Enquirer: 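The structure's right below; bear with me while I get my questions together.
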Amino acid sequence: MSLPELYRRWRKYSTPALAVLATALLVWSTVHIFDVPVSEVLSFLAVCVGGVLVIMVLALGASWIVRKLRQ
């Protein structure tokens with residue numbers, strides 16, 4: 001695999017990879033620096049993921065309704 005091809009692959013996946021790394025480092029630093037229990041941090045993370053999923057479902061429903069009204 002050539003170097004330009006590796007660079008193109010990295011550019012394609014760099015933002016999601018860095019987002020996951022930043023989230024993991026945030027959880028780690030919260031647990032180790034501020035002595036917050038892991039279960040509490042993971043429950044907050046689960047609530048945030050659930051909230052994002054709810055927003056995605058609402059956006060999907062709204063876009064479906066708008067599409068049907070335009071037809």
Side-chain angles (χ1 to χ4, degrees):
M1 190 174 295
S2 65
L3 192 59
E5 187 178 334
L6 284 174
Y7 180 71
R8 267 186 262 119
R9 281 190 179 185
W10 168 250
R11 295 263 320 203
K12 185 177 181 180
Y13 298 111
S14 64
T15 302
L18 291 174
V20 170
L21 179 64
T23 303
L25 288 174
L26 178 66
V27 170
W28 175 82
S29 65
T30 302
V31 169
H32 286 286
I33 294 173
F34 300 110
D35 293 327
V36 177
V38 176
S39 61
E40 189 173 335
V41 174
L42 291 179
S43 68
F44 285 136
L45 187 61
V47 168
C48 290
V49 169
V52 169
L53 289 174
V54 167
I55 291 170
M56 289 172 60
V57 168
L58 290 174
L60 177 67
S63 66
W64 181 79
I65 290 171
V66 168
R67 187 172 148 210
K68 289 296 181 184
L69 289 174
R70 286 186 180 174
Q71 287 179 353

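Owing to the predicted nature of the structure, the values given are computational and were not obtained by experimental measurement.
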Enquirer: Quick one: name the residues clustered hydrophobically with Tyr7, using the 4.5 Å side-chain heavy-atom rule over I, L, V, M, F, W, Y, and just say none if it's on its own.
Expert: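 Listed partners: none, Tyr7 stands alone.
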Enquirer: Listed by chain and number, what are the side chain to side chain contact (heavy atoms under 4.5 Å, CB included) partners of Arg70, not counting sequence neighbours?
Expert: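 Counting only residues at least two positions away or on another chain, Arg70 forms a side chain to side chain contact (heavy atoms under 4.5 Å, CB included) with Val66.
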Enquirer: How many angstroms lie between atom CZ of Arg67 and atom CD1 of Ile65, to the nearest 0.5 angstrom?
Expert: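 Atom-to-atom, Arg67:CZ and Ile65:CD1 are 13.0 Å apart.
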Enquirer: Who clusters with Leu58? Use side-chain heavy atoms, under 4.5 angstrom, across I, L, V, M, F, W and Y, and order the result by chain and number.
Expert: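 Cluster partners of Leu58: Val54.
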Enquirer: Should side-chain heavy atoms under 4.5 Å link Ile, Leu, Val, Met, Phe, Trp and Tyr, which residues sit in the same cluster as Ile55?
Expert: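 Cluster partners of Ile55: none, it stands alone.
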Enquirer: Please list, chain by chain and in numerical order, all residues satisfying side chain to side chain contact (heavy atoms under 4.5 Å, CB included) with Lys68, sequence neighbours excluded.
Expert: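 Testing Lys68 for side chain to side chain contact (heavy atoms under 4.5 Å, CB included), a comparison that skips the adjacent residues, returns Trp64, Gln71.
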Enquirer: Could you give the distance from OH (Tyr13) to CG (Leu18), rounded to the nearest 0.5 Å?
Expert: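 Nearest 0.5 Å value for the OH-CG distance: 14.5 Å.
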Enquirer: Can you list the residues that meet the side chain to side chain contact (heavy atoms under 4.5 Å, CB included) rule with Leu53, with sequence neighbours excluded?
Expert: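 Leu53: side chain to side chain contact (heavy atoms under 4.5 Å, CB included) contacts with Val49, Met56.
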Enquirer: Scan residues 30-47 for pairs that pass side chain to side chain donor-acceptor pair (under 3.5 Å), counting only residues two or more places apart or in two chains.
Expert: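 Of all non-adjacent pairs touching residues 30-47, those that pass side chain to side chain donor-acceptor pair (under 3.5 Å) are Trp28-His32.
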Enquirer: Taking the hydrophobic residues Ile, Leu, Val, Met, Phe, Trp and Tyr, and joining any pair whose side-chain heavy atoms are under 4.5 Å apart, which ones share a cluster with Leu42?
Expert: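 ILVMFWY cluster around Leu42 also holds Val27, Val31, Ile33, Phe34, Val36, Val38, Val41, Leu45.
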